[in-house]
J.: 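My questions will all concern the structure given below.
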Amino acid sequence: MQSFNKRFSIVYNGEIYNHLEMRKALESETTVLSWAGHSDTETLLAGISHWGIDETLVRAKGMFAFALWDRVEKRLTLARDRMGEKPLYWGWAGTDLVFASELKALRAHPDFPREVCRESLAQYLRFLYVPEPRTIHPALYKLEPGTILTMEQTPPVSPPDAPLRPGDRYEGISIRRYWSLNSAIEGGALNKITDDLGAVSELEKTLGNVVSRQMLSDVPLGAFLSGGVDSSMIVALMQAQSVKPIKTFTIGFEHPEYDESSHAAAVAAHLATDHTRMLVTDKQARDVIPDLPEIYDEPFADSSQIPTYLVCRAAREHVTVALSGDAGDELFGGYNRYLHGPSLWRRMKKFPKPVRRAMGQGACILPEVAWGTIGTVYNKLKSGSGGVANLGTKAHRFGERLRDTHSLEDLYYNAASTWLEPESLLLHETKEPISTLSDPLPLHALSEPAAWMMAQDMRSYLPGDILCKVDRAAMSASLETRAPFLDPDVIALSMRLPMEMKIRGGQGKWALRQVLYKYVPQQIIERPKVGFAVPIGHWIRGPLREWAEEMISVDRLARDGFFDPKVVRQIWAEHLSGRKDKMPQLWAILMFQAWYTHWYE
């Protein structure tokens, strides 16, 4: 689209939820404006023409990625939303500077860099995704969330030695931030809310306004509903503002330990939504696996990608837009590592390193099945969400990580890692590169360890895993998803809440729960956090075993030349024996092999 003054041209992906408010502001400030239509794209162009790019993006509340050409200054600008809801890739194909929303679009270029970046592969094995700013290919990068890239002259014909980061400049290309998570954290620290009632009231008001804004749509709209705190909160506020039942969607599975659809149904019944509960067979879920390399473009191994795609596909049969509860955990303290990590480390750090290592090894000696039995008893003694799901797997995972933990930072980094030492798996020597996790954080504003961990997740795990997973799954099903928790007003408010309003009494998301309990009875919500999972570990021992064997056969591994066959076959044998659950490590390898086969063979 061109701007009304013909100066700017834009290609744009996304949605600006407050663009009507921006239009009113523009109309009050300028008389030369004439609207040709009603789209947020036109509003964005008019804002850039009047306010400039930086101020327009600070005002804009939404998700977006765009490329803008300035005919007067002969300047190309690329920009991405604050938290990374929408993707934007850029880099070099041969001597050409290229950019797109998907890597598969760039693969159309005859000089697309098909090689696999070994440093990115090491990061992928650790985190199950490739963190910003790299991609799986050399010379191609992800524009980091909240940043603007500007090219002010003829582009260079070759890439820099290392990815450009905010503040860097390279032969006419520069990257800067228009929004900073650090600034949001620091701003919140200077304006903390101290009153419980005031915090709950402000949170309900802010979320209500954001949900109302994001419900504006000229196409059918609904919401995902898992029955947990976050999605139930969004659905409750949607229904409170709707004159008719809103459409909600969930999926269930054959394995009862993975099926939470009954909890979602209970919430839907209480709120009187128009609820769709789709039961998925194991075969239907497994049938998605061959499509994953095409959907995700680069290796991606968060196994909840499968149910995420299935619920998007189910929702798309009824609606075009769906709201989700994504980011509630990161902003309001929902993950177990926030609840238990700091207290565990306070106890563990009193012991010398050899003792901690021995304790970690001891946790792994007891079989996972035995830990699972202990967990069942423990959960019966605890009420509501105070229990721990899948204790066996989590105890072994914690034990393995405790052996190499020397600080709270180590504990977080190891907890976020699937392969603790990816170099032990790779055939070629490599060094893991710097990523967003390496950037400094405002420690004076993050005095509580849980707050530090949440900030790390917000700038790495959230955009690299959660938002990537949902966006790619939804787009492949032609469904638009919206995440109210990622609105800048909600982010700013969350930073103002002290940690005791997020984690209290050993339970996360305290303030959110107080709002939710006004709409949904507490007993419907309270249960141990499970997550959105499918039984892949069982499948690759059973119906997927032949496929897995083919992907990680000694001959194939040796031919492809990435992974040490001996190491892979060892963990494969351990998993098949049933003594250990090696699903996350194996799924990372299998998803890379499936991706490599899809795009290279």
Side-chain angles (χ1 to χ4, degrees), residues 12-15 62-65 81 84-89 100-105 129 214-215 217-226 230-231 234-235 238 246-253 258 260-261 264 268 273-327 463-484 486 531-534 536 591 594-595 598-599:
Y12 161 70
N13 174 32
E15 189 83 20
M63 54 180 181
F64 52 82
D81 64 62
E85 290 184 74
K86 286 298 176 185
L88 183 48
Y89 298 94
S101 291
E102 297 180 295
L103 283 175
K104 62 174 68 74
Y129 61 91
Q214 295 197 11
M215 286 177 69
S217 175
D218 54 6
V219 295
L221 176 141
F224 300 138
L225 179 60
S226 69
D230 303 331
S231 64
I234 299 303
V235 168
M238 290 176 72
I246 65 167
K247 295 181 181 296
T248 54
F249 305 91
T250 191
I251 56 172
F253 300 99
Y258 294 94
E260 293 195 291
S261 62
T273 71
D274 179 3
H275 190 58
T276 298
R277 178 187 182 188
M278 186 182 83
L279 292 177
V280 177
T281 66
D282 280 5
K283 183 180 184 304
Q284 286 174 312
R286 292 194 300 269
D287 286 346
V288 174
I289 293 173
D291 297 328
L292 296 177
E294 179 75 23
I295 291 171
Y296 285 92
D297 247 356
E298 65 179 345
F300 185 80
D302 180 340
S303 60
S304 62
Q305 62 200 135
I306 295 174
T308 299
Y309 171 74
L310 289 169
V311 76
C312 287
R313 193 173 68 184
R316 184 60 184 86
E317 294 179 5
H318 305 271
V319 298
T320 308
V321 176
L323 273 62
S324 80
D326 291 315
D465 187 312
I466 300 298
L467 300 182
C468 171
K469 173 184 66 182
V470 175
D471 178 76
R472 308 309 190 274
M475 289 294 96
S476 68
S478 300
L479 178 75
E480 178 188 321
T481 54
R482 301 176 180 179
L486 289 176
F532 205 24
V534 286
I536 289 177
M591 282 292 93
W595 171 84
H598 178 79
W599 290 110

J.: Within this structure, what is the CZ-CD distance for the pair R313 and Q284, rounded to the nearest 0.5 Å?
T.: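 The CD atom of Q284 is 7.0 Å from CZ of R313, to the nearest 0.5 Å.
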J.: Looking at D81 and F64, would you say the former's side chain and the latter's main chain have a donor-acceptor pair under 3.5 Å?
T.: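 Yes, D81 side chain to F64 backbone: donor-acceptor pair under 3.5 Å.
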J.: Below 4.0 angstrom, N of the basic side chain to O of the carboxylate: do R472 and D297 qualify?
T.: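 Result for this pair is no, no salt bridge flagged.
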J.: Indicate whether the side chain of S261 and that of R277 have a donor and an acceptor atom separated by less than 3.5 Å.
T.: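 The answer is yes; a qualifying pair exists.
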J.: Apply side chain to side chain donor-acceptor pair (under 3.5 Å) to D465 and list each qualifying residue two or more places apart in sequence or on a separate chain.
T.: none
J.: Return the set of residues passing ring-ring contact (aromatic ring centres under 6.0 Å, His included) with H598 (not counting sequence neighbours), or none when no residue passes.
T.: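 With sequence neighbours excluded, H598 shows a ring-ring contact (aromatic ring centres under 6.0 Å, His included) to no residue whatsoever.
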J.: Check the side chains of S304 and K469 for a donor-acceptor pair under 3.5 angstrom, ignoring hydrogens and angles.
T.: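 Distance-only check passes for K469 and S304.
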J.: Name all residues meeting the salt bridge (charged side-chain N to carboxylate O under 4.0 Å, His left out) criterion together with D291; count only those two or more places apart in sequence or in a different chain, and write none if there are none.
T.: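 Testing D291 for salt bridge (charged side-chain N to carboxylate O under 4.0 Å, His left out), a comparison that skips the adjacent residues, returns none.
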J.: Can you sort out the partners of F224 under ring-ring contact (aromatic ring centres under 6.0 Å, His included), two or more places apart, ordered by chain and number?
T.: none
J.: Any side-chain heavy atom of T481 sitting closer than 4.5 Å to one from D326?
T.: no
J.: Under the salt bridge (charged side-chain N to carboxylate O under 4.0 Å, His left out) rule, collect the residues that match up with R482, sequence neighbours excluded.
T.: E15, E480
J.: Among all residues two or more places apart in sequence or in another chain, which pass the ring-ring contact (aromatic ring centres under 6.0 Å, His included) test with Y89?
T.: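 ring-ring contact (aromatic ring centres under 6.0 Å, His included) list for Y89, sorted by chain: empty.
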